[in-house]
Amino acid sequence: MRTSERNELCYLPATEIVARIGRREVSPVEILDAGLDRMREVEPTLHAFCTPTPDLARAQAIRLGDALARGEAPGPLAGVPMGIKDLLSTAGVRTTSGSWVYRDFVPEEDDIVVERSLAAGALCVGKTNTSEFGYSATGQNNLFPITRNPWNPALTPGGSSAGSAAAVAAGIVPVALGSDGGCSVRIPAALCGLVGFKPSMGRVPVYPGCRDERLPGVSGWESLEHIGPLTRTVGDAALLLSVLAGPDPRDRHSIPCGDIDWIGAARTGERDGAVAGLRVGYSPDLGYLAVDPQVRAVVDRAVHEVLEQQLGCHVETVVPGWPDPAAAFSALIVAETDLTGMRRMIDEHGEHMSPHLVAWMREDWTAQHFTDANIIRKSLVNAMARLMSRIDVLVTPTSAVPAFPIGSHGPSEIDGRPVSDSAWIGFNYPANLTGQPAASIPAGWTENGLPVGLQIIGRHLGDAAVLRLAAAVERVAPWSQHRPPG
């Protein structure tokens, strides 16, 4: 296969892959082989996959091809190569959660989202790299080589769904599964020029992750964690959500989704005038965050030139009015962690674990830290509800900075202000604390050609509105023609 033909297949949207396979214009094996060729080319640099599974994917592709030849109807993800974040369980395939402690762990059951994806015809190309247990917004751990950004391999792709984002941006797979307990789908989407969708709490069930009490480190984040897609197009995100969403008795937070037509919402957003008159609250800094000037300029331009002028949205600059909930967010993560199990693990294996995680678990946490955090969360939820009562969506930058050099958890200074190394993700976790839907879409690129993300936060259970606006932006300011060099 010529390089140009391979690249065409590698960068096909999942929706187009399914359509071409359904029309028998291309086979699942041909699609898979194009991605595997791309993997062999870029993986030695990017390290997106910690456990590649090309043989498994090929067997799945062959079975699917045979089924189609017998006249069986293709599933909604038929023949779509997929990366699966290593925090998500895969039956019979190593799942390390980015931790040396789980380096040889092979689950006996799939995560619900994996189960649903495979049943819909997706092909598992491999497990994608993550920070240890997802406790960092970058792609580094003590077990595997650090994941790098396809736009510039000297820089981070963001995280913790680092490998998923890198794999999609580099054209290895068209879609990947990520998880988002505070930013981990949206941040890598922003830094890699992708669509990252965190649905409302409960729309997509989570199990056994967050809920298997036998697995310290894996069993945390229950009221914060969401699972969502990383894709190159809004239509692909909608397609995956149509497969992933829906209740499951194994997740007590999961909810019915009959109020959402995921694919229809995205298609509606592609029509002229679909979001005209939408009330958009725009907050460039939430009133307290330091923001890189280039990020602010790119997002400002997207909001005023695209949302306001081209799409006809009513844009109002807002200051939400809540204080920075960073300390409360950190405490709630620990409150939902198996602290006893984690500390025991650290006592036995701490030299092999991420230093920042060890320090975090060893802090002198008290009941008052956790109860104060819960009160702050309630305050934020109430403030957000008041704000959303007068707007339809809240838009912000996704990341306060563009991608930065690997090896760091975040910059210590932004726009001349000293900040903590987690301040750059401060736009993200309010929507985890409230459970609202939130997506990152490309807003533009910096002078150096690095992607900048625009975050769209919807009302409580307002996933359809987020999809419609994202699709409308994509129609008038498309981004899929932008690809990483090489």
For this session: Could you pull out the closest heavy-atom pair between Leu244 and Val113, with the gap in Å?
Result: CD2-O, 3.7 Å
Problem set entry | Reference residue Val466; test side-chain contact (heavy atoms from CB on, under 4.5 Å); the match among Ile441, Val234, Ile456, Asp392 | Ile456
Exercise. Have Tyr135 and Thr337 got a donor and an acceptor in their side chains that come within less than 3.5 Å?
Worked result: yes
Seminar exercise, completed: Leu240 and Val175 have their tightest heavy-atom pair at CD1-CG1, 3.8 Å
Problem set entry | Note, Tyr282 side chain near Glu308 side chain (heavy atom, < 4.5 Å) | no
Problem set entry | Side-chain donor-acceptor pair present, Arg186, Asn432, cut-off under 3.5 Å | yes
Exercise. Heavy-atom distance under 4.5 Å between the side chains of Arg232 and Val195, does that happen here?
Worked result: no
Seminar exercise, completed: Those residues at least two apart in sequence (or on a different chain) that pass ring pair (Phe, Tyr, Trp, His ring centres under 6.0 Å) with Trp262 are none
Seminar exercise, completed: Note: Ala290 and Ala400 closest approach over all heavy atoms is O-CB, 3.4 Å
Exercise. Parallel under 30°, tilted from 30 to 60°, perpendicular over 60°: which one fits the rings of Trp360 and His356?
Worked result: tilted
Problem set entry | Side-chain donor-acceptor contact under 3.5 Å, Arg468 with Thr268 | no
Seminar exercise, completed: Here the pair of heavy atoms bringing Val299 nearest to Ala443 is CG2-CB, 4.4 Å
Exercise. How many angstroms lie between atom CG of Leu433 and atom CD1 of Ile376, to the nearest 0.5 angstrom?
Worked result: 10.0 Å
Exercise. Thr90 versus Asp111: any side-chain heavy-atom pair under 4.5 Å?
Worked result: no
Exercise. Are Arg296 and Asp415 close enough for a salt bridge, meaning some N to O gap below 4.0 Å?
Worked result: no
Exercise. In this structure, are over 12 heavy atoms from other groups packed under 6.0 Å from Arg267 atom CZ?
Worked result: no
Problem set entry | Plane angle bin for His352 and Trp100 - parallel if under 30°, tilted between 30 and 60°, otherwise perpendicular | parallel
For this session: Report yes if some heavy atom in the side chain of Trp445 is under 4.5 Å from a heavy atom in the side chain of Val452; otherwise report no.
Result: no
Problem set entry | From OG1 (Thr434) to CD1 (Ile457), nearest 0.5 Å | 7.0 Å
Exercise. Less than 4.0 Å between a side-chain N and a carboxylate O, is that true for Lys127 and Asp86?
Worked result: yes
For this session: Taking the side chain as every heavy atom from C-beta outward, state whether Thr95 and Leu88 have any atom pair closer than 4.5 Å.
Result: no
Exercise. Side chains of Thr147 and Asn129: is there a donor and an acceptor less than 3.5 Å apart?
Worked result: yes
Exercise. For the side chain of Arg203 and the backbone of Leu461, is there at least one donor-acceptor N/O pair under 3.5 Å apart?
Worked result: yes
For this session: Taking the side chain as every heavy atom from C-beta outward, state whether Pro397 and Leu454 have any pair of such atoms under 4.5 Å apart.
Result: no
For this session: Could you tell me whether Glu41 and Arg38 have a side-chain N and a carboxylate O separated by less than 4.0 Å?
Result: yes
Exercise. For residues Glu336 and Ser223, is any side-chain donor paired with an opposing acceptor at under 3.5 Å?
Worked result: yes
For this session: Compare all side-chain heavy atoms of Leu469 with those of Cys313 and state whether any distance is below 4.5 angstrom.
Result: yes
For this session: Cation-pi check, Arg483 to Tyr11: give yes when NZ or CZ is under 6.0 Å from the six-membered ring centre and within 45° of the ring axis, no otherwise.
Result: yes
Seminar exercise, completed: Distance col, row Leu177:CG vs Leu230:CG, nearest 0.5 angstrom, shows 8.5 Å
Exercise. Mind checking whether Phe404 and Trp424 have ring centres under 6.0 Å apart?
Worked result: yes
For this session: Work out which heavy atom in Asp251 is nearest to a heavy atom in Ser254; give both atom names and the distance.
Result: O-OG, 2.8 Å
Exercise. Does any donor atom in the side chain of Gln455 or Ser440 lie under 3.5 Å from an acceptor atom in the other side chain?
Worked result: no
Problem set entry | Salt bridge Glu222-Arg211, side-chain N to carboxylate O under 4.0 Å | yes
Exercise. At their closest point, which heavy atom of Lys85 faces which heavy atom of Ser184, and how far apart are they?
Worked result: NZ-CB, 3.8 Å
For this session: Verify whether one side chain among Ser99 and Ser97 offers a donor that lies under 3.5 Å from an acceptor in the other.
Result: no
